[in-house]
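This report refers to the structure that appears directly beneath it.
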Amino acid sequence: MASNFDLSKLLITNPNPSRSQKLSFVWKLSLPGMLAQISSILMQYIDAAMVGSLGANASASIGLVASSTWVIGSLSSAMSIGYTVQVAHAVGEGNQSRAKGIMIKALKSCLAFSFILTILALLLSAPLPGILGAQSEIKNDASTYFFVYALSTPFFQMIYLMGGMLQCSGNMKVPSILNSLLCILDAAFNIIFIKFMGLGVLGAAWGTTASAILVSVFMIYFTLHKSDYLGITKGRKPVHYYSNKIFARSVDREAFRLAAPIAVEKVAFTGALVAVTRIIAPLGSTALSANSFAVTAEALCYMPGYGLSEAATTLVGQSYGARRKDLASSFSWITVIAGSLIMLFTGIIMYFLCPFVFTLLIPVKDIQTLAVQVLRIELFAEPFYGASIVASGALRGQNDTLIPSILNLISLWIVRLGLSLLLVTRLALQGIWIAMAIELCFRGLVLSVRLFYKTRWKTPWAGERSKSN
């Protein structure tokens, strides 16, 4: 199969692919994404170990604002998704000119959005640690780290957008390689800034920013110039799409309809994580650090699920554009089942491996012990977490973002946050992670039910409507 997966072309020669062929499509599209996600987490392990060597306060200062940096990333990601899903639909239709037109409009809108987001984040950097209830000894490092991290926002926006465009056009290889490069560069810059230049926590922030700048340049180059499907220097330029204001407004409206629920969900989701961080902060630096390291370690379990989620969005999105509900349903369930099984396996491995992992990440024995205890509580929920991650990607490919976002918000704000408030007084950090495990199981179940409703029942499907432009 070519590096670009174009369903509209494949269906011309093979309108009814077999189950083994579908599995092959899923495997080839998801493997690069899974490898990139795993390499990303391995580099985060290196970052965490470098900062951890500086002591508990340094780790706690980054852990304190981690959920706030996720807000920035979540908003940038949501903005990109509003446009990349439309590209997947255009590819499924076989409309290359429309795909390029959407990409150009997305580039302008996302750049403007990212600059506004950067300014807001910079203004928030000084008061943020106090808002989160930080202890005095970590306030300055936390504020400085967040300020420098905010400067990387436009560059990460381009990484999300251009990488998503390539993925939804069927090219999983280039984004995967570049995301892996991002991790490698981040670790290399951290060694320079933290170890050799002695910048400490500030060095970690500059390492992230420098790596984002370089990789965003490569991502833009490979999308706009080298991509056979999206490159604006390839073939005839669709000028009528580039300059058509009616088309541009319709793209923006559809992007807003798709992205707004995701953005609200992600901000509220991360807001709940900020609230949980606020609950943990009074427990002290040991609890904050253990929570941060446990979250980092757990990411190795669920990152393969995100690789499958990206494949699900591409496969289901192109099936949606091709008006093939049967294929959308089949690809949805193949990827969800695969995600649950893979994360069951990674959860089992991490259960036995985590004591060794934490000895690599942090030299403080008390933090190691507490991190092992809380992480093992949550690992039982990994298969359900996998189902929720991949189901969200499959539903997104069908233009279904509002109801899944509402379900995610109910799950996090009512189930996790409510249980956290109830359990933290008696069980401290362990209570927070028990609440997390219960909530992840609940989320996996409700999103699977939603996917069942969308794919198995005879519900109206927006993909069957006639498309304009």
Side-chain angles (χ1 to χ4, degrees), residues 37 40-41 43-44 47-48 51 61-84 106-107 109-132 134 139 141-164 179 182-183 185-186 189-190 201-202 204-216 219 255-256 258-278 292 295-296 299 303 306 405 408-409 412:
Q37 297 286 357
S40 172
I41 293 305
M43 293 304 110
Q44 287 185 37
D47 292 354
V51 176
S61 65
I62 295 180
L64 180 77
V65 298
S67 52
S68 301
T69 62
W70 296 340
V71 170
I72 298 175
S74 296
L75 286 172
S76 300
S77 175
M79 184 69 174
S80 299
I81 288 169
Y83 294 97
T84 57
L107 183 61
S109 299
C110 287
L111 275 175
F113 175 79
S114 67
F115 283 120
I116 294 172
L117 191 59
T118 300
I119 293 171
L120 293 175
L122 292 174
L123 293 174
L124 183 62
S125 60
L128 181 63
I131 294 172
L132 296 176
K139 278 187 176 181
D141 277 347
S143 178
T144 304
Y145 178 88
F146 188 78
F147 182 91
V148 175
Y149 183 91
L151 297 175
S152 68
T153 301
F155 305 103
F156 275 112
Q157 178 75 78
M158 289 299 99
I159 291 172
Y160 298 145
L161 179 64
M162 297 292 102
N179 280 318
L182 174 68
C183 304
L185 288 174
D186 184 32
F189 282 126
N190 278 354
V201 171
L202 180 61
W206 278 119
T208 298
T209 301
S211 57
I213 292 171
L214 286 177
V215 172
S216 66
M219 199 74 81
F256 179 80
L258 290 168
I262 299 174
V264 171
E265 173 207 332
K266 287 179 177 291
V267 170
F269 187 93
T270 313
L273 297 181
V274 171
V276 171
T277 302
R278 185 69 178 84
S292 177
V295 168
T296 299
M303 281 303 157
Y306 280 104
S405 295
N408 276 314
L409 291 181
L412 189 64

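Just so you know, residue 1 is the first one in the sequence shown, and it goes up from there. Quantities reported herein were computed from a predicted structural model and do not represent experimental measurements.
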Review point. How long is the gap from OG1 on T69 to CZ on F156, to the nearest 0.5 Å?
Key: 9.5 Å
Exercise for review: Give the minimum heavy-atom separation between M162 and M219, together with the two atoms involved.
Suggested key: CB-CG, 3.3 Å
Check your understanding: Do you know which two heavy atoms are closest between N179 and I159, and how far apart they sit?
Key -> OD1-CG2, 3.8 Å
Exercise for review: Working to the nearest 0.5 Å, report the span between CG of N408 and CD1 of I262.
Suggested key: 10.0 Å
Exercise for review: List the atom of L75, the atom of A263, and the distance in Å for their closest heavy-atom pair.
Suggested key: CD2-CB, 4.1 Å
**Study point:** S152 side-chain N/O to V148 backbone N/O, donor-acceptor pair under 3.5 Å
**Key:** no
Check your understanding: Can you check whether A212's main-chain N or O pairs, donor with acceptor, with S216's side chain at less than 3.5 Å?
Key -> yes
Review point. Side chains of V215 and M158: does their closest heavy-atom pair fall under 4.5 Å?
Key: no
Point to revise | Euclidean distance, T208 OG1 relative to F155 CZ, rounded to 0.5 Å | key: 13.5 Å
Point to revise | Listed partners of S211 passing side-chain contact (heavy atoms from CB on, under 4.5 Å), at least two apart | key: L182, L185, D186, F189
Check your understanding: Quick one: side-chain contact (heavy atoms from CB on, under 4.5 Å) partners of F115, sequence neighbours excluded?
Key -> L111, P154
Review point. Looking at residues at least two apart in the chain, or sitting in another chain, which of them share a side-chain contact (heavy atoms from CB on, under 4.5 Å) with L120?
Key: I116
Point to revise | Partner set under side-chain hydrogen bond (donor to acceptor under 3.5 Å, both in side chains) for S80, not counting sequence neighbours | key: Q157
Check your understanding: Stepwise, does the side-chain contact (heavy atoms from CB on, under 4.5 Å) test hold for F147 with V65?
Key -> CA-CA 10 Å; F147 182 91; V65 298; over 6 Å; no
Revision key, fill the gap. Heavy-atom closest pair (Y149 atom, T209 atom, distance to 0.1 Å) is CA-OG1, 4.3 Å
Practice item. Check side-chain hydrogen bond (donor to acceptor under 3.5 Å, both in side chains) between Y83 and all other residues, then give those that pass, not counting sequence neighbours. Key: S109, D252
Exercise for review: Check S76 against T153 and note the closest heavy-atom contact, atom names and distance.
Suggested key: OG-CG2, 4.0 Å
Check your understanding: In chain order, what residues pass the side-chain contact (heavy atoms from CB on, under 4.5 Å) check against A275, with sequence neighbours excluded?
Key -> L417
Exercise for review: Output all residues satisfying side-chain hydrogen bond (donor to acceptor under 3.5 Å, both in side chains) with S405, sequence neighbours left out; order by chain, then residue number.
Suggested key: E265
Check your understanding: Are any side-chain N or O atoms of S77 and backbone N or O atoms of G73, one a donor and one an acceptor, separated by less than 3.5 Å?
Key -> no
Study note, to complete from the structure: Rounded to the nearest 0.5 angstrom, the SG-CG distance for C110 and L117 is 11.5 Å
**Study point:** Where I72 and A121 come nearest, the two heavy atoms and their spacing
**Key:** CD1-CB, 3.8 Å
Review point. Which distance, rounded to the nearest 0.5 Å, do you find between the CG of L202 and the OG1 of T144?
Key: 6.5 Å
Please tabulate, for the side chains in residues 124-131, all donor-acceptor contacts under 3.5 angstrom to protein atoms that are two or more places apart in sequence or on a different chain.
unit_1: S125; atom_1: OG; unit_2: L122; atom_2: O; d: 2.8

